[in-house]
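For reference, the structure is listed below as structure tokens.
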Amino acid sequence: MRIRATVAAVSGALALSALAVPAAQADDSAASYRAEVAKIRQAAQAASGRAAAEDGKPYALNVTFSNFKIAKAVKVGTTNHVSTTVTYTLTHGADVNIAARDFVTDPIIYKGSYTSPDNRLYGNKPAKCTATSATTADCKGTIDVYPGAHELINSDAGSWKAAAEATAFNGQDPEGETFDITKVGYKGQGGLGGTLVQRYSKLTVNATPEPVKKGKTITVTGKLSRANWEDNKYHGYVNQPVNLQFRKKGSNTYTTVKTIRTNSTGNLKTTVTASVDGYFRYTFAGTTTTPAVNATGDFVDVQ
């Protein structure tokens, strides 16, 4: 599983970044609290094996999650940080103090299965929760993506599932000599919804010549490209249907002239006959891995 470069990689239930105290009691950076929660999560998910036998497991925290809401698609380019807001409802037992300084909860999206995902994405900070009753709270967090840190590979594009987790450290210091994981509460819950994580797309258009005489041929070129998360560049999206559209000068409506496909490098080229002044553009409807995109219209003066 690939995880953010700023977050310590966890190898077994014992792996942990070098922290003095639980992150909720110190700073709230991703690097500080994430590894602590990862240790608790791995121990909780270990049904058997050496780690579970030697280190024990956290107890099942009396919480559930519902009403998970996230954008339909998270569009990720090659370099820019992408942050997507997530909200959900946390329901907890009377024995769970969500106001404690070392209680943390956060949203997750994952590719594959919840217990053995191909990849996970989190927020930079724990979610913030506001109590709505003695046993419920509305929580708001983020999913933060840094494509320049190689958190994603191209095959990650497509459908992801949603989850949330909560950890009650109950005063336990994961770096302390007397740390007792059995006194820590943890609950993770997958299958709360879903979203698309997509490779950001770009589309260009150029109609020539400009100006052009009525009845003459106009050549319309362009290119459809999308983010490559492995080399952090944009590459042509090949063999994709793209509509050429035209908007008459003075109108606000585009109509489709024809549909063509991108070539082996993502380029587009077609011809039309000049008739009236107006704007040409290409438009792409999108796929599960790549969002829809419209080129900015290119004006042609017909004389």
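Here the closest non-hydrogen pair linking Gly56 and Ile181 is C-CG2, 3.8 Å. Closest approach of Gly194 to Ile70, counting heavy atoms only: O-CG2, 3.7 Å. Taking all atoms of both residues into account, the shortest heavy-atom contact from Cys129 to Ala137 is CB-CB, 4.1 Å. Closest approach of Val184 and Pro58 over heavy atoms only: O-CB, 3.0 Å. Minimum interatomic distance between Gly185 and Leu61 (heavy atoms only, all atoms of both residues): C-CB, 3.8 Å. A pairwise comparison of heavy atoms in Ala162 and Phe68 identifies CB-CE2, 3.3 Å as the closest pair.
No more than 12 heavy-atom neighbours from other residues, nucleotides or ligands sit within 6.0 angstrom of NZ on Lys233.
Looking at heavy atoms from C-beta onward, Val272 lies in side-chain contact with Val257 at the 4.5 angstrom threshold. Residues Tyr200 and Tyr234 form a side-chain contact, since some pair of their non-hydrogen atoms from C-beta on lies under 4.5 Å apart. Contact of the Val238 side chain with the Asn263 side chain is not registered, since no non-hydrogen atoms from C-beta on lie closer than 4.5 Å. Using a 4.5 Å cut-off on side-chain heavy atoms (C-beta onward), Leu90 and Ile98 make contact. When side chains are defined from C-beta on, Lys111 does not count as touching Pro117, because their heavy atoms never get closer than 4.5 Å. Put simply, the side chain of Phe284 reaches to within 4.5 Å of the side chain of Gln240, judged on heavy atoms. Taking the side chain as every heavy atom from C-beta outward, Asn154 and Arg199 approach each other to under 4.5 Å. Trp160 is not listed as a side-chain neighbour of Asp118, based on a closest heavy-atom distance of 4.5 Å or more.
For Phe299, the ring pair (Phe, Tyr, Trp, His ring centres under 6.0 Å) criterion is met by Tyr279, not counting sequence neighbours. Residues satisfying the ring pair (Phe, Tyr, Trp, His ring centres under 6.0 Å) criterion with Phe246, sequence neighbours excluded, are Phe280. Every residue two or more places apart in sequence or in another chain that forms a ring pair (Phe, Tyr, Trp, His ring centres under 6.0 Å) with His81 is listed here: Tyr146. For Lys161, the side chain to side chain contact (heavy atoms under 4.5 Å, CB included) partners are Tyr110, not counting sequence neighbours. Evaluation of the ring pair (Phe, Tyr, Trp, His ring centres under 6.0 Å) rule for Tyr254 yields no partner, not counting sequence neighbours.
For the residue pair Glu165 / Tyr186, a side-chain donor-acceptor distance below 3.5 Å is found, with atom types taken as modelled. Side-chain contact check for Asp138 and Thr132: no donor-acceptor pair (N or O, by modelled atom type) lies under 3.5 Å. Side chains of Ser133 and Thr136: a donor-acceptor N/O pair is present below 3.5 angstrom, by distance only. Residues Arg226 and Thr289 bring a donor and an acceptor atom of their side chains to less than 3.5 Å of each other. Checked by atom type, the side-chain pair Asn170/Asp102 shows no donor-acceptor distance below 3.5 Å. Looking at Asn294 and Thr283, their side chains do bring a donor and an acceptor atom within 3.5 Å of each other. Side-chain N/O atoms of Thr89 and Asn67 include a donor and acceptor closer than 3.5 Å. The closest side-chain donor-acceptor pair between Thr287 and Tyr237 falls under 3.5 angstrom.
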Going through the distances and angles, do Leu244 and Thr256 end up as a side-chain contact (heavy atoms from CB on, under 4.5 Å)? CA-CA 6 Å; Leu244 174 65; Thr256 297; over 6 Å; no
Apply the test side-chain contact (heavy atoms from CB on, under 4.5 Å) to residues Val74 and Val82: give CA-CA distance (whole Å), side-chain angles for both, the deciding distance (0.1 Å), then the verdict. CA-CA 8 Å; Val74 181; Val82 176; 3.9 Å; yes
Before you tell me yes or no, could you show the steps for Val145 and Glu151 under side-chain contact (heavy atoms from CB on, under 4.5 Å), namely the whole-Å CA-CA distance, both residues' side-chain angles and the distance that decides it to 0.1 Å? CA-CA 7 Å; Val145 192; Glu151 294 184 318; 3.7 Å; yes
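Considering CG of Asn119 and CG of Asp156, their distance stands at 4.5 Å, rounded to 0.5 Å. If you take CG on Leu203 and OG1 on Thr296, they are separated by 9.0 Å, rounding to the nearest 0.5 Å. One distance of note links NZ of Lys187 with OG1 of Thr64; it measures 6.0 Å at 0.5 Å rounding. Note: Thr195 OG1 to Leu121 CG = 10.5 Å, rounded to the nearest 0.5 Å. Atom CG of Leu196 and atom OG1 of Thr290 lie 10.5 Å apart (nearest 0.5 Å). In this structure, CD on Glu230 lies 9.0 Å from NE2 on His235, to the nearest 0.5 angstrom.
Here the side chain of Asn62 pairs no donor or acceptor atom with the backbone of His92 at under 3.5 angstrom. In terms of modelled atom types and a separation under 3.5 Å, the side chain of Gln172 and the main chain of Asp180 share a donor-acceptor contact. A distance-only check finds no donor-acceptor pair linking the side chain of Gln245 to the backbone of Tyr282 [under 3.5 Å]. Without hydrogens or angle criteria, Asp144 side chain to Ser83 main chain gives no donor-acceptor distance under 3.5 Å. Lys75 contributes no side-chain N or O that, together with a main-chain N or O of Ser201, makes up a donor-acceptor pair within less than 3.5 Å. At least one donor-acceptor pair under 3.5 Å links the side chain of Arg261 to the backbone N or O of Asn239. Not one N or O on the side chain of Asn228 forms a donor-acceptor pair closer than 3.5 Å with the backbone of Asn232. Between the side chain of Trp229 and the backbone N or O of Gly77, at least one donor-acceptor pair lies under 3.5 Å. Judged purely by atom type and a 3.5 angstrom limit, Ser251 uses its side chain to pair as donor or acceptor with the backbone of Thr253.
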For residues 208-225, dump all side-chain donor-acceptor pairs below 3.5 Å to protein atoms at least two apart in sequence or in another chain.
| unit_1 | atom_1 | unit_2 | atom_2 | d |
| --- | --- | --- | --- | --- |
| Thr221 | OG1 | Asn206 | O | 3.4 |

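The one candidate from Thr87, Leu192, Ile143, Thr85 that meets the side-chain contact (heavy atoms from CB on, under 4.5 Å) condition with Pro107 is Ile143.
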